Amino acid sequence: MKFSVIASDGNSRAGIIETERGLVLTPQFMPVGTLGTVKSVSPEELGNAGAEVMLCNTYHLYLRPGHETIRRLGGVQKFISWPGPVLTDSGGFQVYSLSRLRNITPDGVEFRSHLDGSLHFIGPEKAMEIQQALGADIIMAFDECTPYPSTYDYALNSLRLTTEWAKRCRAVHPEGSSQALFGIFQGSIYRDLRLKSLEEIVGTGFDGYAAGGLSVGEPKELMYEIIHATGPVMPAVKPRYLMGIGDLLDVLEAVEAGYDIFDCVMPTRNARNGTLFTSTGRISIKRAGFKEDPSPLDPECSCYTCRNFSRAYLRHLYLSREILSMRLNTIHNLSFYIRFFRLMRDSIIRGEFTEFKRKWRETLERNFVTLHSRTLRTS
RNA sequence: GUGAGCGUAGCUCAAUGGUUAGAGCACUGGACUGUGGCUCCAGCGGUUGUGGGUUCGAGUCCCAUCGCUCACC
């Protein structure tokens with residue numbers, strides 16, 4: 001993997017990640033394909049939506065079908081038939097968010113599967129072994145996702161553990177591997193702990209750096225404070241990854257601070273739950289106001305969904321719980337997200353990111369439906 | 001035709017004769033940030049089939065009537 005910054009505007013930057021399986025233009029959004037699939041869409045549809053890199057989940061693929069199985073089948077990219085690069089997270093977050101009865105020790109985490117309750121253990125070495133077997137282009141160090149709220153002392157101990165684990169990951173996955181390894185820093189909402197953690201992780205030496213443990217329930221102002229405190233001081237020559245974000249308002253802040261890549265379930269999960277993103281704001285497709293609305297979801301969007309279907313039909317599919325609802329909604333939301341990122345990248349290259357951010361903040365904070373129904377009333 | 005049972009929210013059903021008749025689903029609105037297609041929050045919705053009667057008080061007891069279901073002719 002190779003990374004280069006081609007333009008910057010303030011702290012924000014436009015770059016290129018070169019992998020053996022293709023280029024990733026940054027800033028970039030990575031759709032989340034937890035179990036080796038972005039729910040409801042095919043790899044072809046994912047590519048058509050503009051996706052350049054896909055995220056898969058170590059924890060889930062380890063539990064089912066098993067990392068050794070995927071290795072024997074030629075690696076995760078071949079297994080899922082996705083031609084582009086793949087990033088796997090380490091499993092640290094899922095151990096934190098999904099499994100019951102987790103027991104954290106200096107060696108790793110003992111936990112029970114959310115599928116069948118069976119007992120498992122993942123530590124840094126195991127996390128590397130699993131991710132090496134999966135064979136993703138970019139893999140992540142095993143961290144402890146510090147919960148929110150955490151006391152200062154807990155966060156301090158947690159980041160020490162994450163540093164220790166990061167070193168052990170690096171030790172069993174040396175520099176120069178065909179799989180890039182990114183380090184994750186923690187530190188909760190404490191600015192000094194964040195900087196300390198970042199320094200220790202950078203000191204260990206990775207191919208990219210990621211902020212973990214954000215958007216776990218803390219107020220946005222605190223998250224923004226951490227984003228702005230860390231982004232500009234992360235190594236400029238390496239990709240900067242903000243894990244699990246997100247909300248496009250949060251993305252604007254993070255790109256302003258110099259972050260490059262993002263992943264989030266928001267566009268895909270919200271698509272399945274009927275919340276859609278458009279060039280004029282968020283809408284809930286289940287609203288009764290769309291019952292007989294023949295217009296496309298987003299007139300400014302050229303995705304398959306917007307080219308072919310009306311809001312009325314999308315609402316009908318959603319209320320009927322049809323499979324196609326999730327598929328069309330997911331295609332649209334991903335297309336919208338990825339186009340948003342491309343436009344954002346263009347604005348950085350042109351030196352107009354500030355204007356881009358100002359304009360989109362207004363749009364994203366706007367309530368589409370309120371405006372829409374007001375229009376209908378006056379017409 | 002005879003007998004029995006049942007009529008309560010859009011649907012399926014609760015509610016010793018005793019506060020303002022409730023629940024699930026549906027419907028309406030909202031939430032969702034390194035994913036369990038889940039889940040959660042809030043709201044709308046009633047002349048208790050109809051008409052009488054008993055009672056301090058009736059969804060509940062009595063009479064009539066209408067409707068539905070089942071059984072038997």
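Since we're looking at a predicted model, the values are computed, not measured. A, B, ... follow the sequence lines: proteins, then strands. Residue 1 opens every chain.
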Looking across every strand, which nucleic acid part, if any, lies under 4.0 Å from A:Gln186 by heavy atom: base, sugar-phosphate, or nothing?
-> base
Which nucleotide in B:C32, B:G37, B:G34 has an atom nearest any side-chain atom of A:Thr275 = B:C32
In whole Å, what separates the C1' atom of B:G46 from that of B:A23?
-> 14 Å
Heavy atoms under 4.0 Å, any strand shown: does A:Leu115 hit a base, just sugar-phosphate, or nothing?
-> nothing
Given the P atoms of B:C25 and B:C40, what is the spacing between them in whole Å?
-> 9 Å
State which residue, out of A:Gln132, A:Glu20, A:Met1, fulfils the side chain to side chain contact (heavy atoms under 4.5 Å, CB included) condition with A:Gln179.
-> A:Gln132
Counting heavy atoms from C-beta on, name the nucleotide in B:U33, B:G34, B:U28 closest to the side chain of A:Ser90.
-> B:G34
For A:Phe29 and B:U33, what is the distance between atoms CZ and P respectively, to the nearest whole Å?
-> 13 Å
A:Arg315 side-chain N/O to B:C27 phosphate OP1/OP2 under 4.0 Å | no
If you check every side-chain atom of A:His114, which of B:G30, B:G37, B:G36 has the closest atom?
-> B:G36
Within the 6.0 Å centroid threshold, strictly below: A:Phe277 and A:Tyr337 | yes
Pairing of A:Lys220 and A:Asp247 as salt bridge, 4.0 angstrom limit = yes
B:G30 phosphate, OP1 or OP2, under 4.0 Å from A:Arg287 side-chain N/O = yes
Calculate the interatomic distance between A:Phe93 atom CZ and B:G36 atom C1'; express it in whole Å.
-> 13 Å
Rounded off to whole Å, could you give me the CG-to-P distance for the A:Leu248 and B:C32 pair?
-> 13 Å
As its Watson-Crick or G-U partner within any shown strand, both distances under 3.5 Å, B:G7 has B:C66
Proximity of A:Tyr59 and A:His114 rings by center, below 6.0 Å = yes
Taken to the nearest whole Å, CE/A:Met266 to C1'/B:G34 is 13 Å
Determine, for A:Arg327 against A:Glu322, whether the closest basic-nitrogen to carboxylate-oxygen distance falls under 4.0 angstrom.
-> no
Does B:C38 pair with anything, Watson-Crick or G-U wobble, both distances under 3.5 Å, and if so, with which nucleotide?
-> none
Whole angstrom value for the distance that separates P of B:U39 from CG of A:Asn273 | 10 Å
Between B:C13 and B:G52, how far apart are the C1' atoms? Round to whole Å, please.
-> 29 Å
Does OP1 or OP2 of B:U33 have a side-chain N or O of A:Arg269 closer than 4.0 Å?
-> yes
Rounding to the closest angstrom, what is the interatomic distance between B:G3 and B:C11 at atom C1'?
-> 30 Å
Residue pair A:Lys39/A:Asn270 against RNA chain B: nearer the 5' end by closest nucleotide is A:Asn270
Scanning all shown strands, the Watson-Crick or wobble mate of B:A71 with both distances under 3.5 Å is B:U2
Taking atom P in both B:G34 and B:G24, compute the distance separating them and give it to the nearest angstrom.
-> 30 Å
If pairing means Watson-Crick or G-U wobble with both distances under 3.5 Å, then the partner of B:C32 is none
For B:G22, give its Watson-Crick or G-U wobble partner with both distances under 3.5 Å, or none.
-> B:C13
Could you tell me how the ring of A:Phe356 sits relative to the ring of A:Trp360: parallel (under 30°), tilted (30 to 60°) or perpendicular (over 60°)?
-> tilted
Compare the minimum distances between each of B:G34, B:C32, B:U33 and the side chain of A:Ser215, then state the nucleotide with the smallest one.
-> B:U33
Looking at A:Lys238 and A:Asp260, does any basic side-chain N land under 4.0 Å from a carboxylate oxygen?
-> no
Starting at atom CG of A:Leu87, determine the distance to atom P of B:G34, rounded to an integer number of angstrom.
-> 14 Å
Would you kindly check whether a donor in the side chain of A:Asp143 faces an acceptor in the base of B:G34, or vice versa, at under 3.5 angstrom?
-> yes
When the distance from OH of A:Tyr209 to C1' of B:G34 is rounded to whole Å, what number comes out?
-> 19 Å
Write down the distance separating the P atoms in B:C44 and B:G10, rounded off to the nearest Å.
-> 15 Å
Could you tell me whether A:Asn57 contacts a base, only the sugar-phosphate backbone, or nothing, with contacts defined as non-hydrogen atoms closer than 4.0 Å?
-> sugar-phosphate
Take atom C1' in B:G59 and the same atom in B:G49, then report the distance between them in whole Å.
-> 12 Å
Atom CG of A:Leu319 to atom P of B:G29: distance rounded to whole Å?
-> 9 Å
Sugar-phosphate only, base, or nothing, as touched by A:Gly92 at under 4.0 Å among non-hydrogen atoms | nothing
Please measure how far the P atom in B:C56 lies from the corresponding atom in B:G67, and state the result in whole Å.
-> 35 Å
Among B:U33, B:U28, B:G34, the nucleotide that comes nearest once only the side chain of A:Ala288 is considered | B:U28
Within the structure shown, what part of the strands sits under 4.0 Å from A:Lys291 by heavy-atom distance: base, sugar-phosphate, or nothing?
-> nothing
Could you give me the CA-CA distance, side-chain angles and deciding distance for A:Asp116 and A:Ser118, then say whether side chain to side chain donor-acceptor pair (under 3.5 Å) is met?
-> CA-CA 6 Å; A:Asp116 59 9; A:Ser118 56; 2.6 Å; yes
OP1 or OP2 of B:G30 less than 4.0 angstrom from a side-chain nitrogen or oxygen of A:Ser284, does that happen here?
-> yes
Opposite nucleotide pairing with B:G46, Watson-Crick or G-U, both atom distances under 3.5 Å | none
Provide the Watson-Crick or G-U wobble partner of B:U54, both distances under 3.5 Å; none if there is no partner.
-> none
